[in-house]
Amino acid sequence: MAPARTRVNSLHVAVIGAGAAGLVAARELRRENHSVVVFERDSKVGGLWVYTPNSEPDPLSLDPNRTIVHSSVYDSLRTNLPRECMGYRDFPFVPRPEDDESRDQRRYPSHREVLAYLEDFAREFKLGEMVRFKTEVVLVEPEGQKWKVQSKNSDGISKDEIFDAVVVCNGHYTEPRVAHVPGIDSWPGKQIHSHNYRVPDQFKDQVVVVIGNFASGADISRDITGVAKEVHIASRSNPSMTYSKLPGSNNLWLHSMIESVHEDGSIVFQNGKVVQADTIVHCTGYKYHFPFLNTNGYITVEDNCVGPLYKHVFPPALAPGLSFIGLPWMTLQFFMFELQSKWVAAALSGRVTLPSEDKMMEDVTAYYAKREAYGQPKRYTHRLGGGQVEYLNWIAEQIGAPPGEQWRYQEIDGGYYRLATQSDTFRDKWDDDHLIVEAYEDFLRQKLISSLPSQLLES
């Protein structure tokens, strides 16, 4: 851990967003004695986990003047990872209360259960009192050594305030990335991004091409098969001659990427197959987007690389007054939010010292060089994947916290493996019951739960 300073600061801190990142950031900042204001444009906590049947008027979300819907959650969504490893470290994501039939007890629960968990978390730690609901941040910029935050409430009334620091927790599942498809301007069919997908009804009796075969692509393609005539998945990660019918459905095919589309409605895949399609669904991910942030060009977003950022959190020239929670992906999200938040809170109080600006920039430059040496695309800058254990444990070390639990890391590794190899059954069939037992025994040992769940005792 970096050496502590003798004087501990208590600062006035703005947190942007009351989702899973913003909530734990607010808690950790308050634990470090900072005064906190959380700005949330919705009427409740939860961020992207607040489901709404509404979608944006522009199905591809390309119109900059569109009415923005924050959530990208679809009705059938369930978690991609086991609940035990998903939660905050000292507030595990266990079924609570166990006898409440309105709650989803499954190991891979629905989005509604995740939202209920976040609401439980906010209630347990009295976080709601720090949140200004229905208040959107429209501008954040430096003001001397402090930060000016301009916000606008639901009545359209603007307000300027000065803060010692700003923590950005606005999420990155609102601004869609759309695939480049040769010939798309003359193709007559419909297009939609997964951000605006909620239920499959609109695809009844259609031939649908889904671009992308990771989490949302695999989910949505199978969701659509129940009503569509045919569903074809195009994935750039597949070899060019890929063509196979997927198990568990008689109308779902896997292809390589799209080669081109044409005026007659046809879609040609790299494998040479041709289909006449009605709709293309882009399950192609999202862009990092900070329309409110003005740093005079210091912070940039280029090919989905936000930089320069030390360890994905601190911009060297603006640290610790500006920080970002939750940018890395393909990792234990809530657990990472918690560790990053503790680090930010401790850096702001002075309990933990960051390296000099030059040292942080050296680290950023070295990280970029390593990424390039491994041939990783720039858009994968914030993808942790196999590097997550090293990253999370490094942050834990900075704040004097124990490293992540082995069962937690083993669960996410196994969870991602099952997601990749058995995408149709991984949420209901698994082979790591011993890790479930290990997790709950750990929770019990730390007195985070009062007893083992009945279904665990029965098994």
Side-chain angles (χ1 to χ4, degrees), residues 51-63 66-69 71-77 173-238 240-287 423-424:
Y51 174 78
T52 172
N54 302 322
S55 58
E56 296 179 4
D58 173 7
L60 284 178
S61 299
L62 297 177
D63 180 0
R66 71 191 186 277
T67 300
I68 293 177
V69 175
S71 180
S72 297
V73 167
Y74 38 94
D75 187 57
S76 62
L77 184 141
Y173 295 98
T174 297
E175 194 72 14
R177 288 169 63 96
V178 175
H180 170 68
V181 179
I184 197 66
D185 290 342
S186 59
W187 186 70
K190 297 178 181 178
Q191 297 182 75
I192 181 175
H193 191 277
S194 59
H195 174 63
N196 293 307
Y197 176 80
R198 297 294 181 267
V199 293
D201 305 15
Q202 62 184 298
F203 303 106
K204 183 173 174 57
D205 299 326
Q206 290 189 8
V207 175
V208 181
V209 172
V210 175
I211 301 178
N213 192 33
F214 194 53
S216 64
D219 274 358
I220 290 172
S221 59
R222 292 188 180 279
D223 215 15
I224 292 173
T225 56
V227 300
K229 181 180 177 182
E230 297 175 8
V231 179
H232 299 265
I233 301 173
S235 175
R236 67 180 170 193
S237 62
N238 291 333
S240 60
M241 297 311 293
T242 298
Y243 179 67
S244 61
K245 181 179 277 191
L246 292 177
S249 178
N250 62 4
N251 62 343
L252 180 61
W253 287 266
L254 182 63
H255 299 258
S256 48
M257 191 49 184
I258 295 172
E259 180 76 33
S260 59
V261 299
H262 301 274
E263 291 182 18
D264 63 357
S266 63
I267 294 181
V268 182
F269 297 91
Q270 289 175 355
N271 58 18
K273 302 295 180 182
V274 181
V275 299
Q276 295 290 136
D278 300 290
T279 303
I280 293 175
V281 182
H282 295 254
C283 297
T284 44
Y286 296 84
K287 302 174 186 176
S423 61
D424 55 332

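Below, all heavy atoms of this structure are taken into account, side chains as well, without hydrogens, waters or symmetry copies. Keep in mind it's a predicted model, so treat the numbers as computed, not measured.
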Taking every non-hydrogen atom, the tightest pair across Asn251 and Ala228: ND2-O, 3.1 Å
From OG (Ser423) to CD1 (Ile233), nearest 0.5 Å: 7.0 Å
Chi angles and distances behind the side-chain contact (heavy atoms from CB on, under 4.5 Å) call for Ser237, Asn213: CA-CA 9 Å; Ser237 62; Asn213 192 33; 5.8 Å; no
With Ile267, the side-chain contact (heavy atoms from CB on, under 4.5 Å) member among Val207, Val274, Ile258, Val181: Ile258
Pair Glu175-Arg66, salt bridge (charged side-chain N to carboxylate O under 4.0 Å, His left out): steps then yes or no: CA-CA 11 Å; Glu175 194 72 14; Arg66 71 191 186 277; 3.1 Å; yes
Donor + acceptor pair across side chains of Ser76, Asp219 (<3.5 Å): no
Side-chain donor-acceptor contact under 3.5 Å, Asp223 with Tyr74: no
Gap between atom OG of Ser266 and atom NZ of Lys273 - 0.5 Å precision: 15.0 Å
Where His195 and Ser71 come nearest, the two heavy atoms and their spacing: CE1-O, 3.3 Å
For Thr242, all residues meeting side chain to side chain donor-acceptor pair (under 3.5 Å), sequence neighbours excluded: none
Under the side chain to side chain donor-acceptor pair (under 3.5 Å) test, residues paired with Asp63 that sit two or more places apart: none
Phe269 and Glu259: CA distance, side-chain angles, deciding distance, side-chain contact (heavy atoms from CB on, under 4.5 Å) verdict: CA-CA 5 Å; Phe269 297 91; Glu259 180 76 33; 5.9 Å; no
Donor-acceptor pair, side chain of His282 and main chain of Ala179, under 3.5 angstrom: yes
Verdict with reasoning, Val69 to Ser55, per side-chain contact (heavy atoms from CB on, under 4.5 Å): CA-CA 6 Å; Val69 175; Ser55 58; 5.6 Å; no
Contact summary for Asn271 and Met241, nearest pair of heavy atoms: O-CE, 3.7 Å
Distance in Å, Ile211 CD1 paired with His232 NE2, rounded so as to fall on 0.5 Å steps: 13.5 Å
Atom pair CZ (Arg198) and OG1 (Thr52), whose distance is rounded to the nearest 0.5 Å: 6.5 Å
For Ser61 against Glu56, the heavy-atom pair lying closest together: OG-OE1, 2.6 Å
Non-hydrogen atoms of Pro247 and Asp424 that approach each other most closely: O-OD2, 3.9 Å
Heavy-atom side-chain contact between Ile192 and Gln202 under 4.5 Å: yes
Thr284/His193 under side-chain contact (heavy atoms from CB on, under 4.5 Å): CA gap, chis, key distance, verdict: CA-CA 8 Å; Thr284 44; His193 191 277; 3.6 Å; yes
Non-hydrogen side-chain atoms of Ile280 and Trp187 separated by less than 4.5 Å: yes
Rounded distance [0.5 Å steps], OG in Ser194 versus CZ in Arg177: 12.5 Å
Tyr286 and Ser72 side chains, donor-acceptor separation under 3.5 Å: yes
Non-hydrogen atoms of Asp264 and Gln276 that approach each other most closely: O-NE2, 2.9 Å
Side chain to side chain, Ile224 and Tyr197, heavy atoms closer than 4.5 Å: yes
Leu252 side, atom CG; Leu246 side, atom CG - distance, nearest 0.5 Å: 4.5 Å
Check: Asp75 side chain, Val199 main-chain N or O, donor-acceptor pair, under 3.5 Å: no
